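Worksheet: the structure to be examined is printed underneath.
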Amino acid sequence: GLTAGTLNQEVIHAAVATGTLSQAGGAQLQYTRQARRLYIGSLPVHLGLTEKILMDFFTTTAISMGVVTPNPILSVWISSEMTFCFVEFRSIADTTA
C-alpha cells in the first residue's frame with residue numbers, strides 16, 4: 001500500500017528524474033517543509049526584531065535544549081506587522097525538541 005515513506009520516496013525520485021531538483025536532499029526539504037515550520041506569535045514589536053536576530057536566538061536556544069543538528073534553523077520569516085514569524089528547522093525532529 002501507499003505510505004508516507006513510499007510517497008516520500010516517489011516525490012524524491014520524480015523530482016530528481018525530471019530535473020526539478022538537483023539533489024534528493026532538496027526534495028526532502030520541500031516535501032517536509034510544513035512539518036518543519038513553527039509559528040511564533042505575539043512578538044514584541046517595540047524590540048525591532050529582525051530575521052537575523054530571531055535566527056540567532058532560535059539557533060542558540062535549540063542548541064542549548066540539546067538539538068545536535070548542525071545549523072538547526074534554516075530560515076525565519078517575519079510578518080510585515082512584525083507580530084509573528086515562522087521558524088523553519090532543518091529537521092522535523094528538531095521542531096519538537
Side-chain angles (χ1 to χ4, degrees):
L2 186 62
T3 66
T6 59
L7 178 59
N8 187 22
Q9 289 302 314
E10 291 299 319
V11 169
I12 291 170
H13 291 305
V16 172
T18 61
T20 306
L21 294 166
S22 60
Q23 55 184 297
Q28 176 70 17
L29 287 178
Q30 188 61 29
Y31 180 72
T32 62
R33 186 169 191 217
Q34 291 272 15
R36 292 180 296 100
R37 294 178 82 199
L38 290 182
Y39 168 84
I40 311 293
S42 300
L43 292 176
V45 178
H46 66 280
L47 291 181
L49 297 172
T50 65
E51 290 172 352
K52 168 87 170 98
I53 290 170
L54 289 170
M55 188 161 186
D56 291 345
F57 171 78
F58 285 110
T59 297
T60 301
T61 302
I63 291 169
S64 72
M65 294 181 69
V67 170
V68 296
T69 304
N71 303 313
I73 308 299
L74 285 179
S75 67
V76 174
W77 177 86
I78 302 175
S79 69
S80 58
E81 302 84 18
M82 299 184 72
T83 56
F84 69 92
C85 71
F86 286 95
V87 178
E88 184 177 352
F89 285 78
R90 188 171 302 278
S91 160
I92 293 172
D94 294 344
T95 64
T96 59

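Computed from a prediction, not measured in an experiment: that's the story for all the values here.
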Shortest non-hydrogen contact between Glu51 and Trp77, atoms and distance: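 The pair with the smallest heavy-atom distance is OE2-CA, 3.7 Å.
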Residue pair Val67 / Pro72: nearest heavy atoms and the distance that separates them: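 Answer, listing the atom of Val67 first, then Pro72: CG1-CB, 3.7 Å.
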Counterpart residues, side-chain contact (heavy atoms from CB on, under 4.5 Å), relative to Leu74 (two or more places apart):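 side-chain contact (heavy atoms from CB on, under 4.5 Å) list for Leu74, sorted by chain: Leu29, Arg36, Glu88, Arg90.
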Shared hydrophobic cluster for Met65 and Val68 (ILVMFWY, side-chain gaps under 4.5 Å):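 No; Val68 is not reachable from Met65 via cluster members.
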Linked hydrophobic residues, Val76 as query - side chain contacts closer than 4.5 Å: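 Taking Ile, Leu, Val, Met, Phe, Trp and Tyr as members, Val76 shares its hydrophobic cluster with Leu38, Ile40, Leu43, Leu47, Leu49, Ile53, Leu54, Met55, Phe57, Phe58, Ile73, Ile78, Met82, Val87, Phe89.
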Rounded distance (nearest 0.5 Å) linking atom CZ of Phe86 with atom OG of Ser79: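 It is 9.0 Å, given to the nearest 0.5 Å.
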Thr50: partners by side-chain hydrogen bond (donor to acceptor under 3.5 Å, both in side chains), with sequence neighbours left out: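 Thr50 satisfies side-chain hydrogen bond (donor to acceptor under 3.5 Å, both in side chains) with no other residue.
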Donor-acceptor pair, side chain of Thr59 and main chain of Asp56, under 3.5 angstrom: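 No, Thr59 side chain to Asp56 backbone: no donor-acceptor pair under 3.5 Å.
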